[in-house]
Each structure stands twice: as C-alpha cells, then as structure tokens.
Amino acid sequence: ATANGEHLLKIRNFSSKNSTTLLINYIDNVSFAPVDYLLRSDQETFSLSKGNTVRFYLEGGPAQANQYYLMIAGFSGCYPGFDMDGVNVPLNWDMLVGMCFNNPGFIAPGFFGQFDGNGQAMATMAVPNDQSLLNLALFYSYIVLSPGPSTPVLDASNAINTIIVK
C-alpha cells in the first residue's frame with residue numbers, strides 16, 4: 001500500500017517476463033467476501049526442461065479438519081465457473097474438469113483426499129517433459145465434500161492457475 005492508502009497490483013506477462021504495475025484505489029464502504037478455503041501453489045510457472053513438480057497447499061481451516069476434498073483442474077479459465085449443490089466452483093466446465101469428477105485423483109497424488117486435523121492438505125503434480133504441453137495454462141480449485149452417500153459439495157476454494165514453460 002502507498003502512503004495514500006492506494007494498493008499496487010503487479011501483473012506478470014509470462015511470455016515476456018515483463019511486469020506491469022497497476023494502481024488500485026479502494027472505494028470506501030465496499031467489501032469483498034473473504035475466501036474461507038484458500039488454495040495456493042509454490043509455483044506459477046513450471047518448466048518442461050527441468051521436470052518440475054508443483055505443490056498445492058489446501059487450507060480449509062479448523063472447521064474442515066478431517067473432511068474430504070477434491071482438487072479440480074481445467075483448461076477453460078475460472079469465470080463464471082459452474083454451480084454444484086448451490087456452491088459456485090470457480091472453474092469453467094470442460095473435459096478436464098469432467099475427468100476430475102469421474103476419476104477423482106487421476107491427475108496426481110493428493111488431488112482427492114482428506115484434510116488433516118488442522119484442516120490442511122497438500123497435493124503435488126509432476127510435469128512430464130512433453131513439448132505438446134508448452135504454454136499450457138491450467139486452472140485449479142478444490143471443493144470440500146460432505147461425508148455421506150451423496151457427497152454434496154459444502155464449499156469451494158479460490159481458483160489459481162499455472163503455466164507450463166520451456
């Protein structure tokens with residue numbers, strides 16, 4: 001934040017490694033809903049040549065201790081998302097999203113699992129050295145599942161994305 005209470009947002013162009021800084025002025029009496037279920041990763045880009053593994057950190061908080069989650073990945077962005085059991089999941093429905101639901105955990109270890117006693121979990125995904133994946137953007141979110149035979153969705157995390165680079 002600047003001395004005037006303005007906030008700076010840096011946006012990075014992954015193809016040129018340049019960044020642009022935007023000045024954001026917050027409007028008084030406007031609030032944004034907090035994200036209760038946080039998803040973050042240790043990398044925004046991962047390299048084909050280095051064979052990186054990206055780690056995803058799922059932070060559901062103490063209320064989600066020992067609950068089940070499903071990480072979802074998609075190709076088609078995150079807005080407007082789709083609704084499931086009255087919850088907006090911030091990914092656009094596409095073939096990859098459907099595959100995540102039809103075969104939980106098929107993408108990588110930890111994409112389907114259970115939060116620990118603190119409501120946290122970690123998933124990893126290795127990047128194969130396959131040139132056809134170059135510049136591919138993937139979008140991710142996770143949903144919190146209610147125990148029971150119908151496994152309704154309780155809530156969804158924020159969406160994040162990664163880009164596969166050389």
Side-chain angles (χ1 to χ4, degrees), residues 9 11-12 14 31-166:
L9 176 65
I11 298 181
R12 186 164 189 200
F14 291 105
S31 61
F32 299 91
V35 175
D36 292 328
Y37 307 105
L38 182 65
L39 174 62
R40 56 189 177 85
S41 68
D42 65 348
Q43 301 176 62
E44 293 175 349
T45 63
F46 40 129
S47 170
L48 289 176
S49 60
K50 293 181 183 176
N52 284 357
T53 297
V54 65
R55 288 171 196 78
F56 298 96
Y57 302 98
L58 295 74
E59 300 176 14
Q64 301 311 321
N66 305 311
Q67 291 280 43
Y68 287 95
Y69 67 85
L70 173 64
M71 280 274 299
I72 308 163
F75 300 119
S76 303
C78 55
Y79 183 80
F82 64 92
D83 290 334
M84 179 172 267
D85 294 333
V87 172
N88 181 262
V89 180
L91 294 176
N92 294 332
W93 190 273
D94 60 29
M95 177 187 70
L96 186 56
V97 170
M99 290 172 67
C100 291
F101 279 100
N102 289 329
N103 190 0
F106 90 98
I107 290 181
F111 269 49
F112 175 71
Q114 193 172 13
F115 289 108
D116 67 15
N118 295 317
Q120 298 176 334
M122 186 176 80
T124 60
M125 185 173 72
V127 181
N129 190 356
D130 180 345
Q131 293 299 312
S132 68
L133 301 175
L134 187 60
N135 296 321
L136 178 66
L138 292 170
F139 299 84
Y140 311 88
S141 181
Y142 71 83
I143 57 174
V144 179
L145 302 171
S146 174
S150 64
T151 59
V153 175
L154 295 175
D155 218 326
S157 74
N158 58 302
I160 62 172
N161 73 301
T162 59
I163 298 175
I164 300 174
V165 297
K166 212 172 223 184

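Predicted model only: the values in this text are computed from it and were never measured.
By the 4.5 Å heavy-atom criterion applied to side chains, Phe101 and Ile72 are counted as neighbours. With a 4.5 Å cut-off on side-chain heavy atoms, Asp83 and Val89 do not count as touching. Side-chain contact between Val97 and Phe82 is present, with at least one heavy-atom pair separated by less than 4.5 Å. Looking only at side-chain heavy atoms (C-beta outward), Ile164 and Leu134 stay at 4.5 Å or farther from each other. Inter-residue side-chain proximity for Gln64 and Asp155 is flagged as unmet; no heavy-atom pair is nearer than 4.5 Å. Side-chain contact between Glu59 and Arg40: present, with at least one pair of heavy atoms (C-beta onward) separated by less than 4.5 Å. Residues Val87 and Leu154 form no side-chain contact, since every pair of their non-hydrogen atoms from C-beta on lies 4.5 Å or further apart. Side-chain contact between Phe115 and Asn66 is absent, with no heavy atoms from C-beta onward closer than 4.5 Å.
When all heavy atoms are compared, the tightest approach of Gly110 to Ala123 is O-CB, 3.3 Å. Counting all heavy atoms, side chain and backbone alike, Tyr69 lies closest to Gln114 at CE2-N, 3.4 Å.
Side-chain atoms of Asn118 do not come within 3.5 Å of backbone N or O of Pro62 as any donor-acceptor pair.
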Audit row: Gln120, Tyr57, side chain to side chain contact (heavy atoms under 4.5 Å, CB included) steps and yes/no: CA-CA 7 Å; Gln120 298 176 334; Tyr57 302 98; over 6 Å; no
Would you sort out whether Thr162 and Thr45 count as a side chain to side chain contact (heavy atoms under 4.5 Å, CB included), showing the intermediate values? CA-CA 5 Å; Thr162 59; Thr45 63; over 6 Å; no
Chi angles and distances behind the side chain to side chain contact (heavy atoms under 4.5 Å, CB included) call for Ile107, Cys100: CA-CA 7 Å; Ile107 290 181; Cys100 291; 3.5 Å; yes
For side chain to side chain contact (heavy atoms under 4.5 Å, CB included), just list the numbers for Asp94 and Asn92, CA-CA rounded to whole Å, side-chain angles, deciding distance to a tenth of an Å, and then say yes or no. CA-CA 6 Å; Asp94 60 29; Asn92 294 332; 5.8 Å; no
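Proximity of the aromatic rings of Phe139 and Phe75 is defined here by a centroid distance below 6.0 angstrom, and this criterion is not met. For an aromatic pair to be called close, the ring centres must be under 6.0 Å apart, and Tyr140 with Phe56 satisfies this.
Of the N and O atoms on the side chains of Thr53 and Thr124, not one donor lies less than 3.5 Å from an acceptor on the other residue.
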